[in-house]
There are 2 protein chains.
Amino acid sequence: MSPNPTLPTRAPSTEAHRFEAYLRSKKLKLTGERMEILATIFRKDSHFDAEELHAELKTLGRDISRATVYRTLDLLVQCGLVRKSSLGSSHANYEAAHENEHHDHLICLSCGKVFEFYRPDLETLQDAICQERKFKPLHHSLQIFGLCVDCVDKADENSIRTKVAQIHT
Amino acid sequence: MSPNPTLPTRAPSTEAHRFEAYLRSKKLKLTGERMEILATIFRKDSHFDAEELHAELKTLGRDISRATVYRTLDLLVQCGLVRKSSLGSSHANYEAAHENEHHDHLICLSCGKVFEFYRPDLETLQDAICQERKFKPLHHSLQIFGLCVDCVDKADENSIRTKVAQIHT
DNA sequence: TTTTTTGCAAATCGTTTGCACGCTG
DNA sequence: CAGCGTGCAAACGATTTGCAAAAAA
């Protein structure tokens, strides 16, 4: 008896397939630049911005223009493979949308570390709020800014106060 | 027996007094521009951005430079009289911090209306999450994007999808 | 070969800054 | 009259755009 064909046989790079399908569906072209950008993003484990991604591609020997990086990031956000969230900065940050998990963020104002968390009861509560208000939720963002264990004792109160005022949510 | 002197006797423009106290505490100066900006903000009832505020001041006959508007907004945020939150746009939005109430936002992606809500149990839940993670919260932002009752039936699905991708949280 | 994508450089947009002058304390 | 605050215009930084050349379908 052969292995069950419905079980994925260690699907090589689901994200590449998803992106290809998306491009085909929009009659867009599958280019080397687009695929390299996607692969690089999914090789990373954390948040990044367009500039960092552009720099990383350059160190990998792929000198892709900033314009193309921005245009491709837009496509990837459109098809759900990448998420955008500023994390309090005034410019855009991104992260690969591994699996289909959703999560929110704790952001340390001192060291900049970002901690992800997911609480089903938080989602449920939000849905309840929306239902009460007859509002149809499509997207949400919860960001909690503060100090992580490592920083809580050593952070300078004044510089933190300044940072709080500059948060861009 | 005279009235209890600790009870405020209908304080005229608490916010002006708070701002004055803040300026004095920082050895900053109480100027006409600063006071006009504060008064104009507290006369408004909704969210606004720097450009709108600048324009409104101009129609009021006060031609205050954009630079001063930005500098004063920063001061007001620092002293807690004004709150900053982009509401999903890539530039800063502000709102007067009437009383000391805190609230979160529901933002309609079709008509742009903003609905405020406050749920104590949501705050409690967030505190619980932070305690579990040993994270000291200093500020948070919850924004729920979607469609309000008036728009839920008439919004164009494609343009909404585009807007979701452009949200800047 | 038709259509889309790319890279480049210029343009844009919100915001910040340096500086000379003006006003507040 | 000593500092701060102001307006101006230039500088900024992230992102977007028009266009001609290059690559994918």
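Labels below follow one simple rule: chain letters A, B, ... track the order of the sequence lines, proteins then strands, and each chain is numbered from 1.
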Margin query: Does B:N93 reach a base, just sugar-phosphate, or nothing at all? Heavy atoms under 4.0 Å.
Written below: nothing

Notebook entry, point to check: Contact class for B:E51 vs. all strands (heavy atom < 4.0 Å): base, sugar-phosphate, or nothing?
Noted result: nothing

Donor-acceptor pairs under 3.5 angstrom involving side-chain atoms of residues 32-39 of chain B: please list them, not counting sequence neighbours.
from: B:R34; atom 1: NH1; to: B:K29; atom 2: O; distance (Å): 2.7

Mind listing the side-chain donor-acceptor pairs of residues 148-156 of chain B below 3.5 Å, one per line with the distance, residues two or more places apart or on another chain?
from: B:K154; atom 1: NZ; to: B:D150; atom 2: O; distance (Å): 3.0
from: B:D156; atom 1: OD2; to: B:S159; atom 2: N; distance (Å): 3.0

Could you tell me whether the side chain of [X] and the main chain of [Y] form a donor-acceptor pair under 3.5 Å?
{"X": "A:K113", "Y": "A:C108", "result": "no"}
{"X": "A:S86", "Y": "B:T169", "result": "yes"}
{"X": "B:S90", "Y": "B:H168", "result": "no"}

Margin query: Treating primed atoms plus P, OP1 and OP2 as sugar-phosphate and everything else as base, which nucleotides of nucleotides 20-25 of chain C get B, S or - for protein heavy atoms under 4.0 Å?
Written below: ----BS

Note to self: So if I apply the side-chain contact (heavy atoms from CB on, under 4.5 Å) rule between A:Y94 and each of A:L53, A:V77, A:I41, which one comes out positive?
What the structure shows: A:V77

Notebook entry, point to check: Given the rule that I, L, V, M, F, W and Y join up when any side-chain heavy atoms are under 4.5 Å apart, are A:Y22 and A:Y70 in one cluster?
Noted result: no

I need the [atom1]-[atom2] distance between [X] and [N], as an integer number of Å.
{"X": "A:L23", "N": "C:dT3", "atom1": "CG", "atom2": "P", "result": "19 Å"}
{"X": "B:E52", "N": "C:dG14", "atom1": "CD", "atom2": "C1'", "result": "13 Å"}
{"X": "A:E33", "N": "C:dT4", "atom1": "CD", "atom2": "P", "result": "17 Å"}

Margin query: Could you walk me through whether B:L109 and B:I167 satisfy the side-chain contact (heavy atoms from CB on, under 4.5 Å) test, starting with their C-alpha distance in whole Å, then the side-chain angles of each, then the deciding distance to 0.1 Å, before giving a yes or no?
Written below: CA-CA 9 Å; B:L109 291 170; B:I167 289 175; 4.0 Å; yes

Next item on the list: Please report the shortest heavy-atom distance between B:T72 and B:F19, naming the atom on each side.
Entry: CG2-CZ, 4.4 Å

Next item on the list: Would you grab the first and last nucleotide of DNA chain D (5' to 3') that comes under 4.0 Å of any non-hydrogen atom in chain B?
Entry: D:dG3 to D:dC8

Next item on the list: Applying ring-ring contact (aromatic ring centres under 6.0 Å, His included), name anything that partners A:H91, two or more places apart in sequence or on another chain.
Entry: none

Note to self: Could you work out, with ring-ring contact (aromatic ring centres under 6.0 Å, His included) as the rule, every residue matching B:H54, not counting sequence neighbours?
What the structure shows: none

Notebook entry, point to check: Heavy-atom contacts under 4.0 Å between residues 41-50 of chain A and DNA chain C, which residues?
Noted result: none

Notebook entry, point to check: Using the C1' atoms of five pairs at each end, what's the angle between the two axes of the helix from C:dT1-D:dA25 to C:dG25-D:dC1, to 10 degrees?
Noted result: 30°

Margin query: Near DNA chain D, counting only heavy atoms under 4.0 Å, which residues of residues 68-81 of chain B show up?
Written below: B:T68, B:R71

Margin query: Connecting only ILVMFWY residues whose side-chain heavy atoms lie within less than 4.5 Å of each other, what is the rest of A:F117's hydrophobic cluster?
Written below: A:L106, A:F115, A:L122, A:L125, A:I129, A:F135, A:L142, A:I144, B:L106, B:F115, B:F117, B:L122, B:L125, B:I129, B:F135, B:L142, B:I144

Notebook entry, point to check: Taking ILVMFWY side chains as joined if any heavy atoms are under 4.5 angstrom apart, and letting links pass through other members, which residues group with B:Y118?
Noted result: none

Notebook entry, point to check: Who pairs with B:E123 by salt bridge (charged side-chain N to carboxylate O under 4.0 Å, His left out), at least two apart in sequence or on another chain?
Noted result: none

Note to self: Can you classify the ring geometry of A:H103 versus A:H105 as parallel (below 30°), tilted (30 to 60°) or perpendicular (above 60°)?
What the structure shows: perpendicular

